[in-house]
Amino acid sequence: MSERRMVVAQADCPARRVPDGTPLIIPDGTFVTITQALGGNYTLTYHGQMVRVDGTDAHLLGLESETISFPEPVNDQIIEEQVWQALSTASSH
């Protein structure tokens with residue numbers, strides 16, 4: 001996403017302050033501005049602060065959520081591609 005976009009939180013939404021990672025909650029009904037969407041995660045401005053919202057919580061902002069789903073392993077082997085996919089959507093909480 002290259003342009004700024006304002007959205008309204010559809011429910012209380014967990015976030016982390018950038019850059020220190022302090023957890024906070026964006027309350028339901030709060031206007032926020034999306035400044036960047038990268039790797040399924042979102043960077044927003046909230047009350048003048050930069051915050052990061054995990055892609056798996058995007059639906060709380062009325063956006064499409066990032067979901068992670070893998071088939072059940074058949075031989076207990078780790079599949080490197082799945083590890084990289086999971087890391088690219090690492091949870092912020």
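None of these values were measured; they are calculated from a predicted model. Positions are given from 1 along the sequence.
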Partners passing side-chain contact (heavy atoms from CB on, under 4.5 Å) against D12 (at least two apart in sequence or in another chain): I25, P27, D28

Cluster link M6 to V8, ILVMFWY, side chain under 4.5 Å: yes

Gap between atom OH of Y46 and atom CG of L24 - 0.5 Å precision: 6.5 Å

Closest non-hydrogen atom pair, I26 against A15: CD1-CB, 4.0 Å

Rounded distance (nearest 0.5 Å) linking atom CG of L63 with atom OH of Y42: 5.0 Å

Which atom of P14 lies closest to which atom of L60, heavy atoms considered: CD-CD1, 3.7 Å

Closest contact, heavy atoms only, T35 versus R4: CG2-NH1, 3.6 Å

Closest non-hydrogen atom pair, R52 against V18: N-CG2, 4.0 Å

Shortest non-hydrogen separation from R17 to V51 and the atoms involved: CA-CG1, 4.1 Å

Candidates I34, T43, L61, N41 - the one meeting side-chain contact (heavy atoms from CB on, under 4.5 Å) with V53: L61

Interatomic distance, L44 atom CG to C13 atom SG [nearest 0.5 angstrom]: 7.5 Å

